[in-house]
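Worksheet: the structure to be examined is printed underneath.
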Amino acid sequence: MEYEAVIGLETHVQLKTKSKMWCGCANSYGSDPNTNVCPVCLGMPGVLPVANDEALKLTVLTGYLLNCEIPGRAKFDRKNYFYPDVPKNYQITQYDQPSTKNGYVEFEFEGRLQRVRITRAHLEEDVSKNSHFDRHSGVDCNRAGVPLLEIVSEPDITSPDMAYAYLNALKDILTYGGVSDCDMEKGMVRCDVNVSVRPKGTTALGAKIEIKNMNTFSGARKALEYEIPRQIDVLNKGGKLFQTTMRWDDLSGMTEEMRSKEDAHDYRYFPDPDLMPFEPTEAWLLDVQKRVVELPLARKQRFIEQYQLPAGDAEVFKNDVALGNYFEPIAKLSKNPKGVANWVINNLRAKLTEAHEKAVAEQSAMGMDPEDMTLPSVDDLKFSPDALAELVDLVDSGKISSKIAQEVFAEMFETGATPGSIVEKKGLSQVSDTGALEKFCDEVIAANPKIVEDYRGGKVAAINSLKGQVMKLSKGKANPGLVGEILEKKLKA
Ligand code: ADP
Ligand code: MG
Ligand code: ZN
């Protein structure tokens with residue numbers, strides 16, 4: 001029998017707030033263990049949580065970015081469980097009245113638009129981090145109480161690659177919106193992968209296997225690539241699948257069982273008596289709406305349409321937001337936005353990478369931490385953005401050749417001088433004066449009787465060698481189109 005995979009993801013994302021969800025402790029990564037803690041996030045008796053308004057705003061902002069409904073009332077519940085990572089013995093979350101629900105994410109996948117529905121994106125708090133050593137374990141509560149968004153997808157995903165594309169799309173959207181830095185290395189995005197299989201063409205859902213706490217997207221994809229054939233194999237051998245919670249072991253490349261799945265009633269959810277339900281006012285919502293940004297896919301599509309960019313260029317600007325932001329105002333100034341994109345992507349980006357590497361090398365030689373380095377970006381360029389539009393225009397109007405333009409660009413990058421002034425100062429203007437060009441051509445023809453003979457004898461390509469010599473003679477400044485015409489005329493005479 002043929003089977004198909006059914007996948008739904010629960011993605012946890014740390015929100016980009018200065019302080020934690022219920023107290024004033026810093027929400028920061030890399031501090032010494034248990035230094036960002038207080039009686040509230042340590043779960044001491046007698047303290048009261050106060051909701052972080054910015055976290056509530058980022059949650060609702062995410063709702064807008066994910067095309068969700070924002071209910072008029074949300075509430076906080078206690079999810080009760082006993083484990084050393086949760087000092088209070090419960091985690092505050094949103095159970096039956098989440099801040100956002102019923103949305104979708106749209107992204108490009110295998111050459112078409114794919115939509116995955118979002119069940120809900122709700123706010124909860126992160127828990128502590130356990131570390132296991134040889135003879136003891138440690139609990140670091142710095143992360144306890146950090147605001148966390150849980151984004152639950154409908155089981156609309158049908159392959160490991162689609163899951164991977166969905167996660168990346170989600171990450172792009174949240175980064176664009178300023179909701180989270182989504183730094184995987186700092187554990188800011190983690191996901192639980194739910195997967196079942198069913199006979200192709202049927203609609204009933206099979207028993208769900210949940211693989212907990214994947215902290216890389218490629219790991220999630222690998223786990224699915226392993227788990228789907230495993231489930232199909234069990235069924236093909238006449239076996240039965242049961243709802244199970246599993247763990248992915250990256251070393252063995254296999255899933256292993258953690259526990260049979262717990263149910264909601266195991267957690268004894270109840271409304272947190274210390275927290276009022278959240279009922280946003282119109283003004284508050286309006287404030288959040290002002291922060292809605294253009295989504296990555298929309299930006300890519302708009303760049304293609306508005307500036308006639310090739311999809312590849314638009315994709316570069318989608319992925320490199322700063323570069324795209326730099327490009328757009330110049331594109332608006334220029335008659336040739338596509339030409340500007342070409343310069344920004346092929347020349348400017350290369351120069352920036354070079355400068356970047358140089359700065360890293362210099363600063364690490366000084367013993368500086370990568371976190372503290374100051375690195376060049378488009379904001380530090382010496383030339384003004386309209387200089388780039390001017391440069392493209394100089395090439396398009398035939399004033400300089402594209403080869404000379406490279407030289408001008410290098411100089412602009414170093415000194416910040418305008419392209420016009422560089423061309424003038426260095427006498428780089430393209431020679432389109434036919435008198436001067438004729439003289440160059442005559443000289444080259446006289447010096448190369450053999451090649452001229454070849455050409456006249458029918459080896460048409462021989463003209464290229466002559467053309468090359470004229471260009472050289474003119475130090476690259478001759479207008480190549482004109483040179484071709486003049487040479488041809490003279491040789492045929
Ligand atoms: P639970 O209550 O066990 O957490 P949910 O119904 O909330 O389960 O679903 C959790 C995630 O699992 C969601 O992303 C959902 O799309 C996905 N999911 C639910 N049932 C299945 C299934 N049979 N196969 C694959 N994914 C599923
Ligand atoms: Mg769930
Ligand atoms: Zn605290």
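Order of appearance sets the numbers: ligands from 1, and atoms from 1 within every ligand. Just so we're clear, the structure is a prediction, and the values are computed from it rather than from any experiment.
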Are [X] and [Y] in a cation-pi contact, defined as NZ or CZ under 6.0 Å from the six-membered ring centre and within 45° of the axis?
X: Lys300; Y: Phe303; result: no
X: Arg78; Y: Phe270; result: no
X: Arg117; Y: Tyr104; result: no
X: Lys79; Y: Tyr269; result: no

Check Asp192 against ligand 1 and report side chain, backbone, both or neither, counting heavy atoms closer than 4.0 Å. neither
How does Glu210 reach ligand 1, if at all, at less than 4.0 Å between non-hydrogen atoms: by side chain, backbone, both, or neither? neither
In terms of side-chain geometry, is the basic nitrogen of Lys20 or Asp126 positioned less than 4.0 Å from the acidic oxygen of its partner?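 Here Lys20 does not pair with Asp126 in a salt bridge, since their nearest N and O are not under 4.0 Å apart.
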Identify, by atom number and element, the atoms of ligand 1 in contact range of [X], meaning under 4.0 Å from any of its heavy atoms.
X: Glu154; value: 16 (O)
X: Leu9; value: 14 (O)
X: Gly8; value: 14 (O), 16 (O), 17 (C), 26 (N)
X: Ser153; value: 13 (C), 14 (O), 15 (C), 16 (O)

Say whether [X], considering both its backbone and side-chain N or O atoms, lies within less than 3.5 Å of an N or O atom on ligand 1.
X: Val152; result: no
X: Gly206; result: yes
X: Asn194; result: yes

Over 12 foreign heavy atoms within 6.0 Å of NZ, Lys351: yes
Within the 3.5 Å criterion, strictly below it, is a donor on Glu154 or Thr119 matched to an acceptor on the partner's side chain?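 Yes, a side-chain donor-acceptor pair sits under 3.5 Å.
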Roughly, to 10 degrees, what angle do Cys38 atom SG and Cys23 atom SG form around the Zn ion (ligand 3)?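 SG of Cys38, the Zn ion (ligand 3) and SG of Cys23 span an angle of about 110°.
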